[in-house]
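To start, the structure under review is shown below, and the notes come after it.
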Amino acid sequence: MPSALDSNNMQVTMTDTEYRRIRDLARRFSGIKMSEDKRDLLMNRLARRLRECDVRTYTQYCDVLESNDSEVEQFTNAITTNLTSFFREQHHFDFLKQKLIHELFTRKHTDRVIRVWSAGCSTGEEPYSLAMTFREAVPEHAGYDVRILATDLDSDALARAKSGVYSNERIEGLSSEQRKRWFLRGKGANNGLVRVKPDLAQNISFRQLNLHGPWPFKGPIDIIFCRNVVIYFDKPTQKELFKRYAEILSPNGHLFIGHSESLFNVSNDFELLGNTIYRLNP
């Protein structure tokens with residue numbers, strides 16, 4: 001049995017059998033589908049976990065995964081990709097600001113309750129961008145109860161999101177007005193960092209959630225952002241996920257997906273409005 005780490009703490013090759021087993025575990029625990037070309041990436045990301053668990057083979061590590069729930073969380077954190085930015089895919093936020101928010105406020109003028117879900121929020125830039133968009137479109141929400149649920153599988157990324165702390169470089173793409181209005185600049189030991197102002201964060205709830213598992217809420221949700229998430233799932237998992245989204249969305253609810261994603265041959269529950277923006281069919 002090849003060891004995962006040699007005596008000099010150097011990484012060696014993962015066997016085909018070990019890779020298949022780890023891929024199966026990734027699919028079971030998170031719904032993530034790992035392709036054959038991800039082996040080196042997995043080895044790099046899991047090397048630390050083997051050291052932390054004091055095991056020397058991937059077979060031994062898989063045994064740990066199947067017997068230790070706490071390690072499952074560390075495993076999913078390690079294999080999850082967190083690539084995001086403020087106002088990523090700007091056209092989605094333009095659509096919200098120029099059309100959808102005002103449409104929502106008109107349609108829901110009676111109960112004045114609006115619910116938004118950032119599914120796969122990563123380190124938080126997406127839900128904070130959503131909050132900024134709502135606040136800037138209609139100041140103080142004009143008496144509306146706007147709540148944003150931000151969820152992610154990766155507990156480490158979620159902790160960063162909840163902290164609302166970013167480097168100055170992360171907000172360089174924002175306007176000077178946005179930087180001044182929504183962020184506090186760090187001083188002294190925190191020089192070079194910014195923190196989201198409490199006023200912006202107050203309407204966002206961060207929760208850890210595995211999209212592949214049960215959801216502890218029923219909806220209805222008016223807007224779902226699930227961008228650059230389902231590309232890691234196989235087709236059956238995608239179909240089931242979008243079916244569940246359709247069930248939890250409010251009538252005329254909207255779904256936003258990533259630029260490389262599509263509902264073609266995956267779901268017939270949505271009407272394409274263009275630019276990876278969908279509306280729930282009547």
Side-chain angles (χ1 to χ4, degrees), residues 83-152 157-158 160-186 193-207 220-228 249-250 252-259 273-279:
L83 178 62
T84 186
S85 62
F86 286 99
F87 293 97
R88 186 182 185 190
E89 300 186 47
Q90 179 68 48
H91 65 278
H92 285 163
F93 298 96
D94 291 340
F95 180 84
L96 279 177
K97 194 167 188 177
Q98 297 166 11
K99 177 176 174 61
L100 183 53
I101 290 177
H102 293 285
E103 177 185 307
L104 265 176
F105 279 35
T106 300
R107 190 168 73 241
K108 308 199 74 174
H109 69 279
T110 302
D111 63 16
R112 292 178 175 259
V113 173
I114 295 173
R115 295 294 180 260
V116 183
W117 182 11
S118 171
C121 70
S122 186
T123 49
E125 287 88 339
E126 180 176 277
Y128 289 125
S129 297
L130 285 167
M132 281 186 263
T133 302
F134 269 90
R135 292 291 298 276
E136 291 168 4
V138 182
E140 302 306 320
H141 305 317
Y144 284 74
D145 180 18
V146 180
R147 303 286 175 179
I148 299 170
L149 174 64
T151 67
D152 202 90
L158 201 62
R160 291 178 58 194
K162 192 172 183 178
S163 75
V165 176
Y166 300 95
S167 67
N168 283 334
E169 290 76 16
R170 299 297 289 174
I171 66 168
E172 283 182 350
L174 303 183
S175 68
S176 58
E177 180 182 351
Q178 287 174 320
R179 294 195 298 268
K180 182 178 180 180
R181 182 178 181 184
W182 302 122
F183 294 88
L184 297 168
R185 291 200 175 272
L193 300 176
V194 296
R195 181 189 293 273
V196 173
K197 288 185 177 180
D199 183 44
L200 182 66
Q202 65 180 350
N203 292 332
I204 305 175
S205 297
F206 292 97
R207 297 182 186 174
I221 307 293
D222 299 298
I223 298 170
I224 296 177
F225 268 56
C226 183
R227 306 186 304 168
N228 308 301
L249 275 167
S250 61
N252 294 306
H254 285 70
L255 172 68
F256 295 75
I257 63 177
H259 67 278
L273 302 182
N275 293 324
T276 56
I277 302 170
Y278 292 83
R279 180 171 55 205

Notebook entry, point to check: ring-ring contact (aromatic ring centres under 6.0 Å, His included) with Phe256: which residues, sequence neighbours excluded?
Noted result: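 So Phe256 forms a ring-ring contact (aromatic ring centres under 6.0 Å, His included) with His92, Phe225.
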Next item on the list: Only counting residues at least two apart or in another chain, list the ones meeting ring-ring contact (aromatic ring centres under 6.0 Å, His included) with Phe183.
Entry: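 Per chain and number, Phe183 pairs via ring-ring contact (aromatic ring centres under 6.0 Å, His included) with Phe86.
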Next item on the list: For Thr84, check side chain to side chain donor-acceptor pair (under 3.5 Å) against everything at least two apart and list the hits.
Entry: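 Thr84 satisfies side chain to side chain donor-acceptor pair (under 3.5 Å) with no residue once adjacent residues are dropped.
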Minimal non-hydrogen separation, [X] against [Y], with atom names:
X: Gly143; Y: Arg112; result: O-CD, 4.1 Å
X: Ala131; Y: Leu200; result: CB-CD1, 3.5 Å
X: Asp222; Y: Ser250; result: OD1-OG, 2.9 Å

Item checked: Leu104 CG to Phe134 CZ distance, which is reported to the nearest 0.5 Å ->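 Taking CG in Leu104 and CZ in Phe134, the distance rounds to 6.0 Å.
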Checklist line | From Ile224 atom CD1 to Leu149 atom CG, the distance as rounded to the nearest 0.5 Å | finding: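 Between atom CD1 of Ile224 and atom CG of Leu149 there are 10.0 Å.
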Set of side chain to side chain contact (heavy atoms under 4.5 Å, CB included) partners for [X], sequence neighbours left out:
X: Thr106; value: none
X: Glu169; value: Ser167, Glu172
X: His91; value: Glu89, Asn275, Thr276
X: Glu103; value: Lys99, Leu100, Arg107, His254

Checklist line | Verdict with supporting geometry, His109 and Tyr144, side chain to side chain contact (heavy atoms under 4.5 Å, CB included) | finding: CA-CA 8 Å; His109 69 279; Tyr144 284 74; 3.6 Å; yes
Check: Quick check: are there more than 12 heavy atoms from other residues, nucleotides or ligands sitting under 6.0 Å from CZ of Arg160?
Finding: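 For Arg160, atom CZ is not crowded (no more than 12 foreign heavy atoms under 6.0 Å).
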Notebook entry, point to check: Is the NZ atom of Lys108 crowded by more than 12 outside heavy atoms at less than 6.0 Å?
Noted result: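 Enclosed.
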Check: Do Phe206 and Tyr128 have their ring centres less than 6.0 Å from each other?
Finding: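 Here the rings of Tyr128 and Phe206 have centres that are less than 6.0 Å from each other.
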My understanding is that only residues two or more places apart in sequence, or in another chain, count here; which of them pass salt bridge (Lys or Arg N to Asp or Glu O under 4.0 Å) with [X]?
X: Arg185; value: none
X: Lys197; value: none
X: Arg195; value: none
X: Lys180; value: none

Item checked: Donor-acceptor contact present, side-chain Arg88 to main-chain Arg227, <3.5 Å ->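 No.
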Notebook entry, point to check: Between Arg135 (side chain) and Asp199 (backbone), is there a donor-acceptor pair under 3.5 Å?
Noted result: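 Yes, Arg135 side chain to Asp199 backbone: donor-acceptor pair under 3.5 Å.
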Check: Only one of Thr133, Leu273, Ile101 clears side chain to side chain contact (heavy atoms under 4.5 Å, CB included) with Phe95; which?
Finding: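 With Phe95 as partner, Thr133, Leu273, Ile101 yield a single side chain to side chain contact (heavy atoms under 4.5 Å, CB included), made by Leu273.
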Margin query: Consider side chain to side chain contact (heavy atoms under 4.5 Å, CB included). Of Asn203, Ile204, Ile223, which one does Ile148 pass it with?
Written below: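 Of the listed residues Asn203, Ile204, Ile223, the side chain to side chain contact (heavy atoms under 4.5 Å, CB included) partner of Ile148 is Ile204.
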Per-pair distances, 0.1 Å, donor-acceptor, side chain in residues 113-124, under 3.5 Å, sequence neighbours excluded:
unit_1, atom_1, unit_2, atom_2, d
Arg115, NH1, Asp145, O, 3.0
Arg115, NH2, Asp145, OD2, 2.9
Trp117, NE1, Thr151, OG1, 3.0
Ser118, OG, Glu126, OE2, 2.6
Ser122, OG, Asn82, OD1, 3.2
Thr123, OG1, Glu125, OE1, 2.7
Thr123, OG1, Glu125, OE2, 3.4

Next item on the list: Before giving the answer on side chain to side chain contact (heavy atoms under 4.5 Å, CB included), spell out for Arg181 and Met132 the whole-Å C-alpha distance, their side-chain angles and the decisive distance to 0.1 Å.
Entry: CA-CA 10 Å; Arg181 182 178 181 184; Met132 281 186 263; over 6 Å; no
